[in-house]
Amino acid sequence: MKDLKRIEIIDLLQGRATLEIGKEICVKGWVRTKRGNKSIAFIALNDGTIIHNIQVVVDLSKFDEDLIKRITTGACIRANGTLVESMGQGQSVEIQATEIEIYGEADVDTYPLQKKGHTLEFLREIAHLRPRTNTFGAIFRMRHAMAYAIHKYYNDKRFFYWHSPLITASDCEGAGEMFQVTTMDLNNIPKTQDGKIDFSQDFYGKQTALTVSGQLEGELGAMSLGKIYTFGPTFRAENSNTPRHLAEFWMIEPEMAFYDLNDNMDLAEDFIKYCVKYALDNCKDDLEFLQNMYDKELIERLNFVVENDFIRLKYTEAIDILLKADQKFEFPIDWGTDLQSEHERYLVEKHFKKPVILIDYPKEIKAFYMKQNEDGKTVRAMDVLFPKIGEIIGGSQREESLEKLMKRMDEMGVPKEEMSWYLDTRRFGSAPHSGFGLGFERLLLFVTGMSNIRDVIPFPRTPKNADF
RNA sequence: UCCUCCUUAGCUCAGUUGGUUAGAGCACAUGACUGUUAAUCAUGGGGUCCUAGGUUCAAGUCCUAGAGGGGGAGCCA
């Protein structure tokens, strides 16, 4: 078989390569469908570079019958052939095959992917094969594009990519049950004399767990490099079984010195709009597919978010709106308690019909590190609420006063001794600063139009599921 | 974790009041067709009715428990 340099299908279909009709080329990829009759076969070939397939046309009189028979849905092949203008509808160019090699067959009786008709639930059970479908190809290409857009956005704004540790010994990073990390023999756990677990014999010499947030270490970066962001995996051991929660997810956490809450909101809004705009500009084919298959208003909704300002609203004002709302809620509206999902949805989807940034929450329902307002009752927190997915960002201006911060830690029972490294930021050269966390998969839910977070990460980790 | 719904062929689903041999579409196999687009047409093979108990002359169908999954809620990103 002639040794030709492989051309990626995206280059064939989008004309990025210098190609001419009549030239002999080579493509490699996985067979999506094969159809035809006694004398001719059409193979739809996909190599993952783009959602569209290249059509390989096979004149059966020129090929061994057994070879063609072994080319089935899912098989991987290499094909040499002449690039020609298509005689059929549906594609502009196709390949008239001259030689075909099968890299790997896919047994028709056991290969689980078919030409049609799979539910997202079924595909979740074969997560190792689902990237070969149109849907998950589109989603994971977009996942990459969003990750790239995030790095580009912050790099262009002179933020530094900062690596907070994934293993941590502080158990007060924020809300959330933690996954313990240990090298101790669980069948023979060392005990101290008073019968407690002796963590001094563990790998780090103390009790450790996977991080639930890189924020506290992120603040150390901001108080030195000025503007940083983290972008890495985050672990929460909560028994959450919802379409919006994962036990292992990715989070982006920018942290900025000299930013007050307004600067923080400006950044959050600009950042999300940039990412959505990036998807619109760079993922057109994948977006159109997802729109056709899953969400008829997807592109319209993305454009709407890019073009319209987010509503900015104080918690207290939100309570007033909800109290006057012409709608019955299951849960009572009461100043001082956190808003329920139904309340957030009312504000975002019914009242404003726009993304909403809620600020100045009661201090009792927010974390210890948030800057206290002068009213003594609220803190400079902000939650960005999106239609369908709810909270996509949570953040705040941080309390920079050592005295106020320590007082709040005492009130909330946060141990100051273990946190002395954190308090040093306030002890030495403290400064106003702010930051937030954006759930990467929740952003992906929004830009892909998917409705279950397990479908926007290759191998979802949830309670009772760590397959693959 | 709570509420609720679901589990029947490889996949998606139907299955009447508890009653004979559990059906369809797609997929697959064979055949037909010189250009298909989820190709079409004909024929054919294919079942632990989620699991374990129970009620009954008789259970895919009713009851109990369990497992897995969906949706909603809580926790949050």
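Order of the sequence lines fixes the chain letters, A, B, ..., with proteins taken first and strands second; residue numbering starts at 1 for each chain.
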What about A:F386 and A:F310, are their ring centers closer than 6.0 Å? yes
Given the C1' atoms of B:rC13 and B:rC6, what is the spacing between them in whole Å? 13 Å
Donor-acceptor pair (no angle test) under 3.5 Å: A:Q89 side chain, B:rU36 base: no
Separation of B:rC76 P from A:F386 CZ (nearest whole Å): 20 Å
Could you tell me how far B:rG44 sits from B:rC26 if I compare only their P atoms? Round to whole Å. 14 Å
Evaluate the ring planes of A:Y361 and A:Y315, with Trp represented by its six-membered ring, and classify them as parallel (under 30°), tilted (30 to 60°) or perpendicular (over 60°). tilted
Tell me which residues in residues 438-446 of chain A lie within less than 4.0 Å of RNA chain B, going by non-hydrogen atoms. A:G439, A:R442
A:N241 CG to B:rC76 C1': how many Å, rounded? 14 Å
What residue among A:Y274, A:F271, A:Y161 forms ring-ring contact (aromatic ring centres under 6.0 Å, His included) with A:Y154? A:F271
According to the Watson-Crick and G-U wobble definition with distances under 3.5 Å, which dot-bracket string, read 5' to 3', encodes RNA chain B, using [ ] for crossing pairs and | for pairs with another strand? (((((((..((((.....[...)))).(((((.......))))).....(((((..]....))))))))))))....
Between A:S451 and A:S341, the residue closer to the 5' end of RNA chain B by nearest nucleotide is A:S451
Under 4.0 angstrom between A:T33 side-chain N/O and B:rA38 OP1 or OP2: no
Taking CD from A:E238 and P from B:rU1, how many angstroms apart are they, rounded to a whole number? 13 Å
Whole-angstrom distance between B:rG18 and B:rA59, as gauged at atom C1': 6 Å
Please tell me whether A:S92 and A:E85 have a donor and an acceptor in their side chains that are separated by less than 3.5 angstrom. no
Using atom C1' of each nucleotide, how far apart are B:rU7 and B:rU48 to the nearest Å? 14 Å
Starting at the 5' end of RNA chain B, which residue's closest nucleotide do you reach first, A:T73 or A:N239? A:N239
Can you tell me how far P in B:rA9 sits from the matching atom in B:rC49, rounded to whole Å? 9 Å
For atom CD of A:E65, decide whether the heavy atoms of other residues, nucleotides or ligands shown that lie under 6.0 angstrom number more than 12. no
Pairs under 3.5 Å (N/O, protein and nucleotides 30-34 of chain B):
unit_1, atom_1, unit_2, atom_2, d
B:rU30, OP1, A:K69, NZ, 3.1
B:rA32, OP2, A:K38, NZ, 2.7
B:rU34, O4', A:S39, OG, 2.9

Determine all donor-acceptor pairs shorter than 3.5 Å in which one atom belongs to a side chain in residues 139-151 of chain A; sequence neighbours excluded.
unit_1, atom_1, unit_2, atom_2, d
A:R141, NE, A:D286, OD1, 3.4
A:R141, NE, A:D286, OD2, 3.1
A:R141, NH1, A:G48, O, 2.9
A:R141, NH2, A:D286, OD1, 3.1
A:R143, NH1, A:E441, OE2, 3.1
A:R143, NH1, A:V456, O, 2.9
A:R143, NH2, A:E441, OE2, 3.0
A:H151, ND1, A:Y229, OH, 2.5

Using the C1' atom as the point on both nucleotides, what is the distance between B:rU20 and B:rA38, in whole Å? 38 Å
Nearest 0.5 Å please: distance from the NE2 atom of A:H351 over to the CD atom of A:Q327. 12.0 Å
Does A:Q89 offer a backbone N or O that forms a donor-acceptor pair with the side chain of A:Q91 under 3.5 Å? yes
Ignoring hydrogens and angles, answer whether the base of B:rC11 and the side-chain atoms of A:H118 contain a donor-acceptor pair closer than 3.5 Å. no
Here the distance between atom C1' of B:rA77 and atom NZ of A:K366, to the nearest Å, is 11 Å
Just N and O in the side chain of A:Q114: are any of them under 4.0 Å from OP1 or OP2 of B:rA38? no
What is the per-nucleotide protein-contact pattern of nucleotides 65-70 of chain B, from the 5' end, where B denotes a base atom under 4.0 Å from a protein heavy atom, S denotes such proximity for sugar-phosphate atoms only, and - denotes neither? ---SSS
Counting neighbours of NZ on A:K28 that are heavy atoms of other residues, nucleotides or ligands and sit closer than 6.0 Å, is the number greater than 12? yes
When only distance counts, do a donor and an acceptor, one from the side chain of A:S240 and one from the base of B:rC75, lie under 3.5 Å apart? yes
Quote, to the nearest angstrom, the P distance that separates B:rA65 from B:rC28. 43 Å
Residues A:Y294 and A:S451: side-chain donor-acceptor under 3.5 angstrom: no
With rounding to the closest Å, how many angstrom separate the P atoms on B:rA77 and B:rU16? 48 Å
What pairs of nitrogen or oxygen atoms, one from the protein and one from nucleotides 45-49 of chain B, lie under 3.5 Å apart?
none

